[in-house]
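Remarks on the structure that follows.
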Amino acid sequence: MSAHLALTQLVPFAAEELDKNKVTPGVLGFVVFAVLALAVWQLMKSMNRHMGKVSFEEAPDPAATADTPAAEAAATGK
């Protein structure tokens with residue numbers, strides 16, 4: 001409990017020294033943003049490569065293209 005009280009007493013001192021007009025993300029913020037941007041770009045590039053390999057043509061249904069009378073009777077329910 002004493003740590004909590006100590007922290008609550010130190011917070012107002014930090015708030016008085018902080019000038020909100022001069023606060024910037026800094027170099028660390030830029031590095032994190034750049035790494036995230038590169039990761040998203042790499043994921044999009046990989047997704048495009050994988051989507052290019054996908055064949056969207058469906059194989060015809062063998063039951064629908066059967067020309068035998070038994071298959072036609074089974075399809076109509078007679």
ILVMFWY cluster membership beyond Val32 - transitive side-chain contacts under 4.5 angstrom
Leu28, Leu36
N/O donor to acceptor pairs below 3.5 angstrom from side-chain atoms of residues 39-54, sequence neighbours left out:
unit_1	atom_1	unit_2	atom_2	d
Ser46	OG	His50	ND1	3.4
Asn48	ND2	Met44	O	3.4
His50	ND1	Ser46	O	2.8

Other cluster members, Phe33 - Ile/Leu/Val/Met/Phe/Trp/Tyr, side-chain contacts below 4.5 Å:
none
